[in-house]
Amino acid sequence: MASAETTSAPAPADLPRISKRIGGIAESATLAVDAKAKALKAAGRPVIGFGAGEPDFPTPDAIVAAAQAACADPKNHRYTPAAGLPELREAVAAKTLRDSGYVVTAAQVLITNGGKQAVYQAFATVLDPGDEVLLPAPYWTTYPEAITLAGGVPVQVTADESTDYLVTVNQLEAARTPKTKVLLLCSPSNPTGSVYTREQITAIGEWALEHGLWVITDEIYEHLVYDGAESVSLPVAVPAMADRTIVLNGVAKTYAMTGWRVGWLIGPTDVVKAAANLQSHLTSNVANVSQRAALEAVSGPLDAAHEMRTAFDRRRRTIVDLLSAIPGVECPTPKGAFYVYPSVKALIGKTLRGTTITDTVQLAALILEHAEVAVVPGEAFGTPGYLRLSYALGDDDLKTGITRMADLLGEIEP
C-alpha cells in the first residue's frame, strides 16, 4: 500500500505563491520611512524623522479616561454592531453638522478601523473592475493602492507648485473618459498641505454633478487650517452632490489618536449599508474601547485641537523659513494639515559627497545616511522631484533636523 507521502500530489511549481492582487500592493512609503527612522534611532543613531503624519501630542486626558472606564465595563467585552456603536454614529452625525454644516443621519455613518479602512471600503463599494478614478497628484500614497485593490484604475491628474498643487476643473475635464466614475479629493491635502477655496470646491462639485460622477472626499485634516483658509465640505458647497459623495474622516489627526484606529465614512444610506455588509465580513466592529474613546472625543470641545493647531502653525512657519533658506529648495507655504512639500528639482543631477543625485529617492537616502534625517521622496506621492516633511514633531527636533539637512545640502556641488 502506498504511503500518504507518495500519494499526495505536489503543488505545481509554476503557480505563484502570492496572488497578483496582493503581490502588486506596494508598502506604504511613509510608514516604511518612519519604521526605518525608528529602527535606526533604537540602534543608537540620533535620527530625526519627518516621515509619518503623526501628532507628537498625547491623546487628551478626558479621552483616555473614557477609554479606561470602558475597559472596566463588561458590555465593551462583547461583539457590537459591525457598523459602529449606535451612540457613536449619532455623535459623528452631530459632530459633522457642528464642524462642517453637513446634515446627515446616523444611518449615513459607518465607523471603521481607522481612516485607511474607510478609504478602501469607499472605493470597494462603488467601483467595478475597470472603473477609472481621477486622482489629483501629489496624492497620499495609500489612494492608488486602495483604488487598484478595489478593481479600479487610478488616473493621475498632476498639479505643481505653480498652482499650489491644486488641480483645476479644466485639468479634470481633460482627464475624464467614458470610464471615469469617481473623483478623489483631499483638502486640506496630504502630502502638500494645500487647501482648496470654497470657490474651487464649488466649481469642482458642479463639474462632477454635471457629468454624473461620484466624489470621495477625505476631510481628516479639517481642523488644521491656517492664514484664514477654511475647510469646505463638498456636499455643503454643492448640496445636489450629497447623493453621490462619500466623506472620509476620523479622530487620528484632530485628537492625536493615530494609534486608536477609529475612522468613518459618511455617504448615502445604500452605500453605507453595502460598505457595512463588507465590513461585517472583513473585520466586524471596531474595538469597543476605541469607539468609546472616539465618542468622548467627537462629543467634547475642540480646545485641545485648537491648542495643537497653534503649535502646528508655529512649526509650519519655522520649517518653511528654514527650508526656503536652502539653495535649490523651493518651499511653498502650506495652508493646512501638517506637511510641507518642497521642490528639490534644482538639486537633481548635482553631486553630493561624491554621488550624483539621480532622483529624489536617492536624495532622501543620502539625507538619511549623512544627515540622519528621514524624509519621504516625492515618488511615493506620484511626483518625483519633491520631498514631503511632516512638521508634527517637537520644535527642537524640527530645528535640529532641518539644520542638519541644510548643512548637508550646502555641500552640493554643481
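- At a threshold of 4.0 Å, the pair E230-R198 counts as salt-bridged, since one of the basic side-chain nitrogens sits closer than that to a carboxylate oxygen.
- Side-chain N/O atoms of T197 and Q200 include a donor and acceptor closer than 3.5 Å.
- Between F381 and Y143, the ring center distance fails the sub-6.0 Å criterion.
- To the nearest 0.5 Å, atom SG of residue C331 and atom CD1 of residue I319 are 7.0 Å apart.
- K181 has no carboxylate O lying under 4.0 Å from a charged side-chain N of E132, or vice versa, which leaves the two without a salt bridge.
- Of the N and O atoms on the side chains of T245 and W214, not one donor lies less than 3.5 Å from an acceptor on the other residue.
- The minimum heavy-atom distance between A274 and T125, with the atom names listed, is CB-CG2, 3.8 Å.
- Under 3.5 Å, the side chains of E161 and Y386 contain a donor-acceptor pair of N or O atoms.
- Between the side chains of S189 and T192, a donor-acceptor pair is found at a separation under 3.5 Å.
- What you find for D99 and H223 is that their closest heavy atoms are OD2-NE2, 3.0 Å.
- A centroid separation of less than 6.0 Å is found between the aromatic rings of Y165 and Y341.
- The structure places CG of N277 at 10.5 Å from CD of Q121, a figure rounded to the nearest 0.5 Å.
- F57 and F312 have their aromatic ring centers within a separation under 6.0 angstrom.
- Side chains of N190 and R388: a donor on one and an acceptor on the other come within 3.5 Å.
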Stepwise, does the side chain to side chain contact (heavy atoms under 4.5 Å, CB included) test hold for L398 with T318?
CA-CA 8 Å; L398 186 154; T318 298; 3.8 Å; yes
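- For K179 and D131, the salt-bridge test fails: no basic side-chain N is under 4.0 Å from an acidic carboxylate O.
- Take D313 and apply the salt bridge (charged side-chain N to carboxylate O under 4.0 Å, His left out) test, not counting sequence neighbours, and it matches R316, R317.
- Side-chain contact annotation: T269 with Q108, donor-acceptor N/O pair under 3.5 Å absent.
- For the 3.5 Å distance criterion, the side chains of S100 and E219 fail to qualify, holding no donor opposite an acceptor.
- Ion pairing between a basic and an acidic side chain is recognised when a charged N comes within 4.0 Å of a carboxylate O; E413 and R353 show no such pairing.
- At most 12 heavy atoms of other shown residues, nucleotides or ligands fall within 6.0 angstrom of atom CD1 in I18.
- E173 and H211 are linked by a side-chain donor-acceptor pair at a separation below 3.5 angstrom, with hydrogens and angles left out of the test.
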Report, one line per pair, each donor and acceptor closer than 3.5 Å where one atom sits in a side chain of residues 84-92; sequence neighbours left out.
from : atom 1 : to   : atom 2 : distance (Å)
E87  : OE2    : R292 : NH1    : 2.8
E87  : OE2    : R292 : NH2    : 3.4
R89  : NE     : A106 : O      : 3.3
R89  : NE     : V109 : O      : 2.7
R89  : NH2    : A106 : O      : 3.4
R89  : NH2    : V109 : O      : 2.9

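- Between the side chains of D160 and S162, at least one donor N or O sits under 3.5 Å from an acceptor N or O.
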Are V376 and L387 close enough, and set up right, to give a side chain to side chain contact (heavy atoms under 4.5 Å, CB included), and what steps lead you there?
CA-CA 6 Å; V376 187; L387 300 173; over 6 Å; no
